[in-house]
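Have a look at the structure below, then the notes.
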Amino acid sequence: MKDKKARFETKKSEALMARAVGLMPGGVNSPVRAFRSVGGTPLFIAEGKGSRVVDADNNIYIDYLGSWGPLILGHSPAVVRAALRRQIERGTSFGAPTENEVVLAEMIIDAVPSIEKVRLVNSGTEATMSAVRLARAFTGRNKIVKFDGCYHGHVDSLLVKAGSGVATLGLPDSPGVASDCVHTLSIPYNDEDALIKVFELHKSEIAAVIVEPIPGNMGAVLPARGFLEQLRKITKKHETLLIFDEVISGFRISRGGAQERFKVKPDLTCLGKVVGGGLPIGAYGGRKEIMKMVAPEGPVYQAGTLSGNPVAVTAGIAALKAIAKPDVYGVLEEKTALLVDGLRKAASAAGVEVVINSIGSMFTVFFTSSPVKDFQSAKTSDTARYANFFHALLEKGVYFPPSQFETCFVSLAHTKSDISTTLKAARTAFNMIAGH
Ligand SMILES: *Cc1c(COP(=O)(O)O)cnc(C)c1O
């Protein structure tokens, strides 16, 4: 990596964006990358190593985006690079089964308490889409319950009151999503009364409840005590499937995800992000009795030319091996606690009101004074303040997600010195916001 330049310049990123906007919608291949809610030009990233990324103008940042979740080991870890090199020499895609798919499936089933059988796909979106189809087929019912502000990928039936980019852009439910979404009921997260009510109204029609057990797409939100247990109880009672979308929390919060941490077993689980070691993968799995309905064992069709891709699977295996070491999650949590504690102190010293939600290696700094427990309370945040905070950090070489409604991720590559540098930048940023 080259030395950081003295002045914060983004000329090359701006020139690349000027080329990109004519070629791709908004100049990007995924909306959240466009800096729409924080303003300014997105940075084009040229390189990533450990806790750092370097942009096209050679500015270096301590990165808390982590590619939106996958990079639990940091950027370009040596173990993943070495495994990829070996695999690429052997070929990149065969359209036939490979040994490493068996290995990764064994690792997933071994780690995630509720998964007895698993299918690999190419993205989190494919995982949730397929899990919902399977739940409908298994139950013979149509309706799906989700929670406001939870994002489950850009699946038609799940793009209702979705978080992440949809929330960032302030979009209503997406146009182009037709009749499919009339079967989707969205209720507030952490609201047991709303849950009871939706089952009173629609009980025998609900195929599945899909939930981010630890929502990350309205910013990080924690499940209230007993909420996930209540969810398990009511779905069981009505023979509705419970789907945990652990695309973020799987292998991130603990090896077995949120279901291991909170000891609640869903019927189906969706994975993505960390499980691909930085390459495109998704997975869905669950009880054998349900999974055996998937083709070719059963009638529910779901396929993929590149599913279980040898390169992606190799990266996933290498990453999951690297985080199988004892105390990985303890170390991550300790680092995160150090950072979050420092951020709270810095905000308070500057007289800036924030609420910081944090669990494991996930956290979000909400610019609000009321506790954030669902989408409605997340939306009380001052997003203009977040934008100022984001840009002030960026100028000091710290890269947070370009939206209030997203989660920061700490990786194993972040050092104590990274954390002190981040806190120094945060003190400046909070003071700037407070106007001192
Ligand atoms: C990122 C995400 C998805 C979608 O995964 P993609 O790989 O982007 O399709 C689904 N669910 C949750 C909870 C996510 O955070």
Side-chain angles (χ1 to χ4, degrees), residues 28-34 65-72 112 119-133 135 144 146-169 174 184 186 189 208-223 228 242-253 257-259 266 268-285 302 304 306-309 312-313 315-316 319 357 359-364 375 378 401-403 405-409:
V28 293
N29 283 310
S30 193
V32 286
R33 298 176 193 168
L65 188 71
S67 186
W68 304 89
L71 304 183
I72 197 165
V112 184
R119 167 63 61 82
L120 299 179
V121 291
N122 301 295
S123 67
T125 295
E126 270 186 67
T128 56
M129 177 185 75
S130 311
V132 164
R133 179 183 305 145
I144 301 292
K146 73 175 287 292
F147 296 90
D148 304 347
C150 281
Y151 176 69
H152 304 292
H154 62 95
V155 181
D156 278 7
S157 62
L158 301 176
L159 270 182
V160 178
K161 296 191 183 171
S164 192
V166 188
T168 299
L169 298 175
S174 176
T184 307
S186 192
Y189 186 77
V209 175
I210 185 166
V211 66
E212 289 181 74
I214 301 168
N217 287 295
M218 46 181 129
V221 169
L222 277 63
L228 297 174
L242 178 58
I243 306 174
F244 271 10
D245 179 352
E246 299 229 41
V247 169
I248 287 181
S249 55
F251 293 95
R252 160 68 64 183
I253 283 302
Q259 58 194 272
L268 291 171
T269 299
C270 302
L271 297 170
K273 298 190 173 130
V274 173
V275 83
L279 274 85
I281 284 199
Y284 66 102
Q302 184 273 304
L306 290 171
S307 290
N309 173 259
V313 163
N357 284 354
I359 178 165
S361 51
M362 299 164 61
F363 72 92
T364 299
F375 194 33
S403 163
F405 306 112
E406 299 289 353
T407 299
C408 294
F409 296 102

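Heavy-atom basis, side chains included; hydrogens, waters and symmetry copies ignored. Just so you know, ligand 1 is whichever comes first in the structure, and atom 1 is the first atom listed for that ligand.
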Give the numbers and elements of all ligand 1 atoms closer than 4.0 Å to a heavy atom of [X].
| X | answer |
| --- | --- |
| Ile248 | 15 (O) |
| Tyr151 | 11 (N), 12 (C), 13 (C) |
| Ser123 | 7 (O), 9 (O) |
| Glu212 | 13 (C) |

Using a plain distance cutoff, I'd like to know if Asn217 has any nitrogen or oxygen under 3.5 Å from a nitrogen or oxygen of ligand 1.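 For ligand 1, there is an N or O atom that lies under 3.5 Å from one belonging to Asn217.
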For ligand 1, indicate whether the residue Lys273 contacts it via side chain, backbone, both or neither (heavy-atom separation under 4.0 Å).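 For Lys273, the contact with ligand 1 is made by the side chain alone.
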Does His152 approach ligand 1 within less than 4.0 angstrom via side chain, backbone, both or neither, non-hydrogen atoms only?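 The answer is the backbone.
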Got a donor-acceptor contact below 3.5 angstrom from the Asn217 side chain to the Cys150 backbone?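 No.
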Residue and atom name of the nearest protein heavy atom (relative to [atom]), distance in Å to one decimal:
| atom | result |
| --- | --- |
| atom 7 (O) of ligand 1 | Gly124 N, 2.9 Å |
| atom 9 (O) of ligand 1 | Thr125 OG1, 2.6 Å |
| atom 11 (N) of ligand 1 | Asp245 OD2, 2.6 Å |

Going by atom types only, do [X] and [Y] share a side-chain donor-acceptor pair under 3.5 Å?
| X | Y | answer |
| --- | --- | --- |
| Thr364 | Glu406 | no |
| Asp148 | Ser186 | yes |
| Gln302 | Arg119 | yes |

Say you draw a straight line from CH2 of Trp68 to OG of Ser30; how long is it, rounded to the nearest 0.5 Å?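 Atom-to-atom, Trp68:CH2 and Ser30:OG are 8.0 Å apart.
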Tyr284 side, atom OH; Ser130 side, atom OG - distance, nearest 0.5 Å: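 Interatomic distance, Tyr284 OH to Ser130 OG, rounded to 0.5 Å: 4.5 Å.
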What verdict does the side chain to side chain donor-acceptor pair (under 3.5 Å) test give for Glu212 and Ser249, after you've listed the backbone C-alpha separation in whole Å, the side-chain angles of each residue and the deciding distance to 0.1 Å? CA-CA 8 Å; Glu212 289 181 74; Ser249 55; over 6 Å; no
